[in-house]
Amino acid sequence: MLSSNSPLAATEIVGGAQTVLVPALAVATAIAVAWVLAWLVSASVRRVAARWPLAAQLSRRVRRPLRALLSVLGIWVGLRLSTQEASWTSGVEHGLTIALIASIAWLLIQLAHVAEDGVAARYPVDVVDNREARRVRTQTRVLRQLVGAVIGIVAVAAILLTFPGMRAFGASILASAGVLSIIAGLAAQSALGNLFAGMQLAFTEAIRVDDVVIADGEWGRIEENTMTYVVVRIWVDRRLILPSTYFTSTPFQNWTRESADLLGTVEVDVDWTVPIDGMRAELDRLLKASELWDGRVGGLQVTEATGGLVRVRALASAADASLLWDLRCYLREGLVTWVREVGSGLPRTRLQPLGPVEVMSAGAPQD
């Protein structure tokens, strides 16, 4: 038995301490170097951001995944340089391999977000004619989600393949792929249907982000178009969530399919004695006095004259759906006020008494 004061025991203690301290110092140094490199990259990108606005988004998106990737690489290099092959190093390297795959996938997904941000900056939707921007943004968002899903699936598959037992399991799964594909297809029929419907909507341009639609009896704007569902922001600021298959199997109205400008009508029931020319002149005055009207279409017509009343329809145009709604309300209020002030156009119910001869004729028996 060796004494704790013997030279051999001291040598063993020093050797054990070196076995722990040297790798620990190497790992700490590698992490510090990785963080310094990440900081230098971020600083360089921020300096470029003054001339290239997308660089700011790049710095914000990839800062953490780049730091994680460089840290994993630094730890790996530090352990390789400071340790010998041992039983515990294989387990640590396996964990680092998994972390490396996950950090690379994270970085690629964030780069896809940066690409989407670049497209969004190039095609703003806060302009008068944003049809092209809405189309490009919708397709870019669906592509980014598809790329993210593919990267995630590949990363999970790569991580599973690092386990020796999973390789044999994967071979057995491939051997029965025919049966499993049928079962998975039946089980995921609805999900796959929504997935393909979402891609169809994005690339056929049936709907785009910020389109004005009437779906499920509600008026609203397309706020988000994912690969499986569509979010419609209805006029009361609530969100209507519809599956993508709804827009491929159910008729709906798209008010901004070709252009944002729209036509709207205002109908008013008035008396037969209303001066139509005067009412038409009042409509012209209201349109010219309003900034909501785009000047394309404006007119007044009598569409019905039955049941004791005359139905008058005012037709007007506006640059988009929101302005059209306000314009219709403005015209309706103005025409109602004008009819009330004129007086002769107010709806009336007339009762005309019969004369004596008419009474006797009405009561006489028919042959």
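When reading the values below, keep in mind they use all heavy atoms of this one structure, side chains included, and skip hydrogens, waters and symmetry mates. Source: prediction; values computed, not measured.
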Trainee: Within the 4.5 Å heavy-atom criterion, are Val119 and Val136 side-chain neighbours or not?
Mentor: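 Touching, per the 4.5 Å side-chain cut-off.
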Trainee: Quick one: pull up CZ in Arg221 and CG in Leu240 and give me the separation to the nearest 0.5 Å.
Mentor: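 If I round to the nearest 0.5 Å, the distance is 15.5 Å.
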Trainee: Sub-3.5 Å donor-acceptor pair from the side chain of Arg238 to the main-chain atoms of Arg233, do we have one?
Mentor: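 The answer is no, because no donor-acceptor pair under 3.5 Å joins these two groups.
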Trainee: Are any side-chain N or O atoms of Asn254 and backbone N or O atoms of Ala206, one a donor and one an acceptor, separated by less than 3.5 Å?
Mentor: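 Between the backbone of Ala206 and the side chain of Asn254 there is a qualifying donor-acceptor contact (under 3.5 Å).
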Trainee: Could you tell me whether the side chain of Leu309 reaches within less than 4.5 Å of the side chain of Val270, counting heavy atoms only?
Mentor: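 When only atoms from C-beta onward are counted, Leu309 and Val270 do not touch, as no gap falls below 4.5 Å.
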Trainee: Assigning hydrophobic clusters by single linkage (Ile, Leu, Val, Met, Phe, Trp, Tyr; side-chain heavy-atom cutoff under 4.5 Å), is Leu315 placed with Leu262?
Mentor: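 No, no single cluster joins them.
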Trainee: How about CZ on Arg122, more than 12 heavy atoms from neighbouring residues, nucleotides or ligands closer than 6.0 Å, or not?
Mentor: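 Counting neighbours around CZ of Arg122, 12 or fewer heavy atoms of other residues, nucleotides or ligands fall under 6.0 Å, so no.
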Trainee: Search all heavy atoms of Pro251 against all heavy atoms of Tyr246 and return the closest pair with its distance.
Mentor: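 Closest approach of Pro251 to Tyr246, heavy atoms only: O-OH, 4.5 Å.
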Trainee: Mind checking whether Ser322 and Asp320 have side chains closer than 4.5 Å, heavy atoms only?
Mentor: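 Yes, close enough: below the 4.5 Å cut-off.
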Trainee: Does Gln200 form a side chain to side chain contact (heavy atoms under 4.5 Å, CB included) with Thr248? I'd like the steps, not just the answer.
Mentor: CA-CA 8 Å; Gln200 177 183 347; Thr248 58; 3.9 Å; yes
Trainee: Can you name the closest pair of heavy atoms from Phe247 and Ala215 and give their distance?
Mentor: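 Scanning both residues completely, I find the closest heavy atoms to be CE2-CB, 4.0 Å.
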Trainee: Ignoring hydrogens and geometry, is there a side-chain-to-backbone donor-acceptor pair from Arg280 to Leu300 under 3.5 Å?
Mentor: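 Present.
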Trainee: How many angstroms lie between CH2 in Trp106 and CZ in Arg61, if you round to the nearest 0.5 Å?
Mentor: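 Those atoms lie 12.0 Å apart.
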Trainee: Determine whether Glu218 and Trp235 make a side-chain contact, defined as any pair of heavy atoms from C-beta on separated by less than 4.5 Å.
Mentor: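 When only atoms from C-beta onward are counted, Trp235 and Glu218 do touch, with a gap below 4.5 Å.
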Trainee: How many angstroms lie between atom CD of Glu267 and atom CG of Leu335, to the nearest 0.5 angstrom?
Mentor: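 Rounded to the nearest 0.5 Å, the CD-CG separation comes out at 12.0 Å.
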Trainee: Check whether any side-chain heavy atom of Glu291 lies under 4.5 Å from a side-chain heavy atom of Leu323, and answer yes or no.
Mentor: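 The answer is no; the side chains never approach within 4.5 Å.
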Trainee: On a heavy-atom basis, which atom in Ala112 and which in Val147 lie closest, and how many Å separate them?
Mentor: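 Ala112 and Val147 have their closest heavy atoms at CB-CG1, 4.3 Å.
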Trainee: Could you go step by step and tell me if Arg137 and Thr140 meet the side chain to side chain contact (heavy atoms under 4.5 Å, CB included) rule?
Mentor: CA-CA 5 Å; Arg137 281 197 174 195; Thr140 305; 5.7 Å; no
Trainee: Main chain of Thr228, side chain of Ser244: is a donor-acceptor contact present, judged purely on distance under 3.5 Å?
Mentor: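 Yes, because the side chain of Ser244 sits within donor-acceptor range (under 3.5 Å) of the backbone of Thr228.
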Trainee: Run the side chain to side chain contact (heavy atoms under 4.5 Å, CB included) check on Leu201 and Val230 step by step: do they pass?
Mentor: CA-CA 10 Å; Leu201 291 175; Val230 177; 4.3 Å; yes
Trainee: Verify, without hydrogens or angle tests, whether Tyr123 (side chain) and Gly118 (backbone) share a donor-acceptor contact under 3.5 angstrom.
Mentor: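 No, Tyr123 side chain to Gly118 backbone: no donor-acceptor pair under 3.5 Å.
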Trainee: If you round to the nearest 0.5 Å, how far is OG of Ser317 from CG of Asp294?
Mentor: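 OG of Ser317 is found 3.5 Å from CG of Asp294.
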Trainee: Are Val312 and Val336 linked, directly or through intermediate hydrophobic residues, by side-chain heavy-atom contacts shorter than 4.5 Å (ILVMFWY only)?
Mentor: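 No; tracing contacts between hydrophobic side chains, which count when under 4.5 Å, never links both residues.
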Trainee: Identify, with sequence neighbours excluded, every residue that meets side-chain contact (heavy atoms from CB on, under 4.5 Å) alongside Val209.
Mentor: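 Testing Val209 for side-chain contact (heavy atoms from CB on, under 4.5 Å), a comparison that skips the adjacent residues, returns Thr138, Arg141.
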Trainee: Are Leu111 and Val72 co-members of a hydrophobic cluster defined by side-chain heavy atoms under 4.5 Å apart?
Mentor: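 Yes, it is one cluster - the side chains of Val72 and Leu111 are joined through contacts under 4.5 Å.
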Trainee: Closer than 3.5 angstrom, by distance alone: can the side chain of Asp271 be matched with the main-chain N or O of Val274 as a donor-acceptor pair?
Mentor: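 No, Asp271 side chain to Val274 backbone: no donor-acceptor pair under 3.5 Å.
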Trainee: Surrounding OH of Tyr330 (heavy atoms of other residues, nucleotides or ligands, distance under 6.0 Å), is the total greater than 12?
Mentor: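 Yes, enclosed.
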Trainee: How close do Trp293 and Ala316 get, counting heavy atoms only, and between which atoms?
Mentor: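 Smallest heavy-atom distance, with atoms named: CD1-CB, 4.4 Å.
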Trainee: Could you tell me the separation between the CD atom of Gln301 and the CG atom of Leu283, rounded to the nearest 0.5 Å?
Mentor: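 Going from the CD atom of Gln301 to the CG atom of Leu283 covers 11.0 Å.
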Trainee: Could you tell me if the side chain of Ile214 sits less than 4.5 Å from the side chain of Phe252, heavy atoms only?
Mentor: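 They are not in contact (no side-chain heavy atoms under 4.5 Å apart), so the answer is no.
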Trainee: Cluster question for you: counting only ILVMFWY and a side-chain heavy-atom cut-off of under 4.5 Å, with indirect links fine, are Ile207 and Leu242 together?
Mentor: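 Same cluster: Ile207 reaches Leu242 through Ile, Leu, Val, Met, Phe, Trp or Tyr contacts under 4.5 Å.
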Trainee: Apply side chain to side chain contact (heavy atoms under 4.5 Å, CB included) to Leu96 and Leu100, showing your working.
Mentor: CA-CA 6 Å; Leu96 290 174; Leu100 181 64; over 6 Å; no
Trainee: Just by distance, no angles: are the side chains of Ser103 and Arg67 close enough, under 3.5 Å, to form a donor-acceptor pair?
Mentor: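 There is no such pair (donor and acceptor under 3.5 Å, judged by atom type) between the side chains of Ser103 and Arg67.
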Trainee: Let me check something: do Val297 and Leu327 share a hydrophobic cluster, defined by ILVMFWY side-chain heavy atoms less than 4.5 Å apart, either directly or through other members?
Mentor: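 Looking at the clustering, Leu327 is in a separate group from Val297.
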Trainee: Could you tell me the separation between the CD atom of Glu282 and the CG atom of Asp277, rounded to the nearest 0.5 Å?
Mentor: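 Glu282 atom CD to Asp277 atom CG measures 13.5 Å (nearest 0.5 Å).
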Trainee: Mark yes or no for whether Arg313, through its side chain, and Arg311, through its backbone, hold a donor-acceptor pair below 3.5 Å.
Mentor: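 No: the side chain of Arg313 does not pair with the backbone of Arg311.
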Trainee: Quick one, Ile222 and Val232 - any side-chain contact, counting heavy atoms below 4.5 Å?
Mentor: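 Yes, their side chains come closer than 4.5 Å.
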Trainee: Could you list the residues that satisfy side-chain contact (heavy atoms from CB on, under 4.5 Å) with Val266, not counting sequence neighbours?
Mentor: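 Result, side-chain contact (heavy atoms from CB on, under 4.5 Å) vs Val266: Val268, Ala314, Arg328, Leu331, Arg332.
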Trainee: Should the heavy atoms of other residues, nucleotides or ligands under 6.0 Å from CH2 of Trp219 be counted, would the total exceed 12?
Mentor: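 It does: Trp219 CH2 has more than 12 such atoms within range.
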Trainee: Return yes if a side-chain donor-acceptor contact under 3.5 Å exists between Gln253 and Trp255, otherwise no.
Mentor: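 Their side chains do contain a donor-acceptor pair, which is all the 3.5 Å distance test asks for.
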Trainee: Check whether any side-chain heavy atom of Glu223 sits under 4.5 Å from a side-chain heavy atom of Arg239, and report yes or no.
Mentor: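 Contact flag for Glu223/Arg239 side chains = yes.
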Trainee: Could you tell me whether the side chain of Ser290 and the main chain of Leu287 form a donor-acceptor pair under 3.5 Å?
Mentor: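 Absent.
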